[in-house]
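Structure, as structure tokens:
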There are 2 protein chains.
Amino acid sequence: MAIRNYHHGMTTKTYPMPFTRIELIVFAVHPSGLEVLLIKRTEAPFAGQWALPGGVLRIDMDMDLESAAQRIAVERLGTPVPYIEQWGAIGGASRDPRAPWALSIVYQALVPGEQIQPKPGKRIAAIDWRPASDAATDATLAFDHRKLIELAMTRIRSAIDRLELPAGYFETPFTLTELQATCEAILGHRLDKSSFRRKLAERQLVQPVEGQFRQGAFRPAQLFELVAADPRNASR
Amino acid sequence: MAIRNYHHGMTTKTYPMPFTRIELIVFAVHPSGLEVLLIKRTEAPFAGQWALPGGVLRIDMDMDLESAAQRIAVERLGTPVPYIEQWGAIGGASRDPRAPWALSIVYQALVPGEQIQPKPGKRIAAIDWRPASDAATDATLAFDHRKLIELAMTRIRSAIDRLELPAGYFETPFTLTELQATCEAILGHRLDKSSFRRKLAERQLVQPVEGQFRQGAFRPAQLFELVAADPRNASR
DNA sequence: CCAAAAGTGTTGTGACTACACCCATGT
DNA sequence: ACATGGGTGTAGTCACAACACTTTTGG
């Protein structure tokens with residue numbers, strides 16, 4: 001069960017390489033607030049404790065880091081995630097007892113609602129959604145995962161605060177009220193309808209889908225979609 | 001010169017691990033604007049071309065990623081850098097001809113002025129400062145390094161825009177005019193003195209060093225220092 | 001006509017830019 | 001005295017939150 005060795009060899013020199021994994025912080029928006037996906041580990045280290053889903057980087061299977069993250073998402077969720085973003089990398093000599101040096105590339109994802117009902121798979125005792133603010137204060141999580149969730153929450157909230165709406169996430173088309181409710185669930189507080197809509201209009205973030213309306217019990221609502229995200233406008 | 005193999009072994013399974021490097025984007029503030037440190041490669045691939053300084057992650061020497069980045073900074077600059085920040089990771093199967101799968105953790109650093117005069121070392125033909133806006137548009141840079149510099153510039157500028165002053169970077173103590181000149185050089189445009197100072201005061205970013213003044217040709221200027229950076233205030 | 005949700009207008013407040021102005025010092 | 005950079009005050013503008021208001025539907 002222990003790791004024997006790993007190394008990187010050249011004709012001139014040989015360097016051992018770190019045990020490299022991908023960790024996923026998968027958020028979902030629940031009416032009561034943000035939720036995060038956790039798995040219960042069956043194997044040491046931290047057997048029986050909850051942790052972020054993740055997996056080993058497979059250079060024989062993955063073309064790049066993002067496809068590695070998507071592969072692991074499929075393994076855990078049963079479906080690729082529409083929006084994924086790299087968070088950063090953490091690495092050190094004493095992060096994971098299984099290896100002398102462990103490196104994790106952390107990705108952050110947002111999936112629509114809780115339509116995804118993941119099933120426990122290989123080497124996983126259980127997999128379930130947990131309220132994110134709950135998990136961010138749970139000291140019993142495995143590895144350094146509590147801290148990662150805490151930072152990811154502040155990160156996603158500040159992105160929504162700045163109205164950086166993650167393209168590909170929101171189930172288009174949507175009504176403006178639905179969009180606002182989603183943002184409110186992520187932020188954890190109410191927003192003003194008028195201010196919210198003014199900012200959406202000024203920054204041209206959404207556009208109406210002409211002739212399409214959400215029919216309901218009351219007045220129908222215009223459906224909108226995100227306007228194509230600006231491709232890295234470094235100008236200003 | 002080619003790489004033979006590298007792998008990660010367990011008693012149950014064996015996974016090959018990626019060729020893992022650290023790349024450094026070292027910025028310096030020059031009166032004429034932001035500059036970036038580049039090296040001229042002697043070896044393939046991209047021999048004779050300019051590239052970012054970097055080095056292989058050495059799990060036998062580095063306790064964690066940040067100390068790896070500092071070790072490489074010392075190797076290249078001859079001195080540790082006071083401010084360094086992780087930028088992210090890029091990895092893929094076709095990034096570096098030397099290895100089937102290459103992973104780079106990119107770090108961004110800011111060093112005071114150009115007091116640092118790095119000397120060419122092993123496997124480096126030359127090392128020199130280049131205007132950053134120049135390098136960000138130079139298509140002849142090795143690997144994907146042009147893109148990395150471009151993104152790093154927008155990143156550091158937006159940080160300075162938000163007055164996130166990288167603690168440990170600025171040579172304390174400083175006068176407010178010196179601090180403003182540094183920010184202007186990074187941003188590439190002039191700032192209003194009054195607005196700049198009002199924001200510094202309101203957000204309590206700097207505090208005067210009592211009784212200390214910069215003597216010069218004219219009226220002496222109060223010296224300031226950064227107030228201790230808030231340790232991740234997720235509240236609000 | 002009423003309830004409920006969609007959608008728009010309005011107003012006061014606070015933050016910012018641009019600019020003008022005083023202050024202190026060496027020559 | 002005056003040139004130079006240090007340091008402060010002010011007025012117009014703009015973005016915003018809060019809140020009130022009108023509109024449109026189903027029952």
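Here is how names work: the chains are called A, B, and so on, in the same order as the sequence lines, proteins then strands, and each is numbered from 1. Side-chain atoms are counted along with the backbone in the values below, which use heavy atoms only and exclude waters and symmetry mates.
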task: Could you tell me whether A/Gln222 contacts a base, only the sugar-phosphate backbone, or nothing, with contacts defined as non-hydrogen atoms closer than 4.0 Å?
output: sugar-phosphate

- request: Find the distance B/Leu191:CG to C/dA18:P and express it as a whole number of Å.
  value: 10 Å

- request: Inspect the contact between A/Arg155 and A/Glu85 and indicate whether a charged nitrogen and a carboxylate oxygen are less than 4.0 angstrom apart.
  value: yes

Modelled atom types, side-chain donor and acceptor of A/Ser67 and A/Asp64, under 3.5 Å: yes

message: As a test of understanding, state which of B/Glu23, B/His145, B/Arg21 forms a side chain to side chain donor-acceptor pair (under 3.5 Å) with B/Ser104.
response: B/Glu23

field: Rounded interatomic separation in angstrom, taking CZ from B/Phe218 and C1' from C/dG26
entry: 7 Å

task: Give the nucleotide from the list C/dT8, D/dC16, C/dC19 with an atom nearest to the side chain of A/Ser194.
output: C/dT8

message: Counting only heavy atoms not in B/Glu202 (residues, nucleotides, ligands), do more than 12 fall under 6.0 Å from its CD?
response: yes

- prompt: What integer distance in Å separates B/Leu163:CG from C/dC16:C1'?
  reply: 12 Å

field: d(CG, A/Leu200; P, D/dA17) in whole Å
entry: 12 Å

message: Starting the side chain at C-beta, find the nucleotide from D/dC19, D/dC16, C/dA18 nearest to A/Lys199.
response: D/dC16

- request: Compare every heavy atom of B/Phe174 with every heavy atom of B/Leu226, then report the nearest pair and how far apart it is.
  value: N-CZ, 3.9 Å

query: Which nucleotide in the list D/dC16, C/dA5, C/dC23 gets nearest to the side chain of B/Arg219?
result: C/dC23

message: I need the CZ-P distance between A/Phe196 and C/dA6, as an integer number of Å.
response: 13 Å

- prompt: So which nucleotide from C/dC16, C/dA6, D/dC16 ends up closest to the side chain of A/Arg197?
  reply: C/dA6

- request: Rounded to the nearest angstrom, tell me the gap between atom NZ in A/Lys193 and atom P in C/dT10.
  value: 16 Å

message: Side chain of A/Asp192 only, heavy atoms from C-beta on: which candidate in D/dG7, D/dA18, D/dT23 is closest?
response: D/dA18

message: Which is more 5' along DNA chain D, the nucleotide nearest A/Ser195 or the one nearest A/Pro220? Just name the residue.
response: A/Ser195

task: Give one of base, sugar-phosphate or nothing for B/Thr177, where a contact means two heavy atoms less than 4.0 Å apart.
output: sugar-phosphate

task: Looking only at side-chain atoms of B/Glu202, point me to the closest of C/dC16, D/dG5, C/dG7.
output: C/dC16

